[in-house]
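Here the structure comes first, spelled out in structure tokens, and everything after it is commentary.
Predicted model, so just to flag it, every value in this text is computed and none were measured.
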Amino acid sequence: HCQYYAIDINPIAARAAKETARRANIPLDIICGDLVSPLSRMKGSIDVLLFNPPYVPTSMEEYLESIDTSASEHDVIAAAWAGGPDGRCVLDRLLPIVGEYLSPNGRFYLVTVEENRPKEICSILKKQNLDGQKVIDRKARNEHLSIYRFTKRVTE
């Protein structure tokens, strides 16, 4: 029995994803929440975790403005891409806990750009017994995107 979830902190994005899944007849549960916290009961049992964080390097000021939902000028769109100085402000919150959520055969896929320092990300996750490798590169307009796959290292 498979369950599919999509999580977004932005309620507008969550509603749009829900409508897209409905129209495409995809059995996807959409959750408005922060990172993987809505799935805390599923620690150790997620087989595939895909993460497309806001990865674009921006000033810290722009990042903070993008997440300040109390500001009258809150930019909902910028929150989807504004990632702070190295594009990792959101990602760096997930990295310390991602290994806890994966099943023994789980996979973690991550969208990055070079400014996110993917080799450093691989080193951080290696400490959680996760081995990473780049599985695809794509140029999308002015961005050079890479997808990394992390798997749990088999220990005897």
Only counting residues at least two apart or in another chain, list the ones meeting side chain to side chain contact (heavy atoms under 4.5 Å, CB included) with [X].
X	value
Lys152	Leu102, Leu130
Ala21	Ile26, Leu28
Ile124	Arg88, Leu95, Glu120
Ile97	Val36, Leu94, Glu100, Tyr101

Legend entry - Sequence neighbours excluded, every pair satisfying ring-ring contact (aromatic ring centres under 6.0 Å, His included) that has a member inside residues 107-135: Phe108-Phe150

Taking side chain to side chain donor-acceptor pair (under 3.5 Å) as the definition, give me every residue that meets it alongside [X], ordered by chain and number, with sequence neighbours left out.
X	result
Glu114	none
Arg23	Glu19
Asp137	Lys134, His144, Ser146
Asp29	none

Legend entry - Evaluation steps, side-chain contact (heavy atoms from CB on, under 4.5 Å), between Tyr148 and Thr112: CA-CA 8 Å; Tyr148 278 77; Thr112 68; 3.7 Å; yes

Inset, instruction - For Arg107, enumerate each residue passing the salt bridge (charged side-chain N to carboxylate O under 4.0 Å, His left out) test, keeping only those at least two apart in sequence or located in another chain. - result: none

Legend entry - Gln133 atom CD, over 12 foreign heavy atoms within 6.0 Å: yes

Legend entry - Lys139 atom NZ, over 12 foreign heavy atoms within 6.0 Å: yes

Minimum heavy-atom separation for [X] to [Y], with atom names?
X	Y	value
Pro104	Gly44	CD-O, 4.0 Å
Tyr63	Ala82	CD1-O, 3.3 Å
Cys89	Asp86	N-OD1, 4.4 Å
Gly99	Gln128	N-OE1, 3.0 Å

Would you say [X] and [Y] make side-chain contact, with heavy atoms under 4.5 Å?
X	Y	answer
Leu39	Tyr5	yes
Leu145	Val113	yes
Leu91	Leu110	yes

Inset, instruction - Treating Ile, Leu, Val, Met, Phe, Trp and Tyr as nodes and any side-chain heavy-atom pair under 4.5 angstrom as an edge, say whether Met42 and Ile31 lie in one connected cluster. - result: yes

Which pairs would a plain distance check flag for residues 48-59, meaning a side-chain donor or acceptor within less than 3.5 Å of a matching protein atom at least two apart in sequence or in another chain?
from: Tyr55; atom 1: OH; to: Glu143; atom 2: OE1; distance (Å): 2.9
from: Thr58; atom 1: OG1; to: Gly84; atom 2: N; distance (Å): 3.0
from: Ser59; atom 1: OG; to: Glu62; atom 2: N; distance (Å): 2.9

Legend entry - Polar side-chain atom of Arg153 near backbone of Lys126 as donor-acceptor pair, under 3.5 Å: yes

Legend entry - Rounded distance (nearest 0.5 Å) linking atom CD1 of Ile7 with atom SG of Cys32: 10.0 Å

Legend entry - Sequence neighbours excluded, every pair satisfying salt bridge (charged side-chain N to carboxylate O under 4.0 Å, His left out) that has a member inside residues 46-58: none

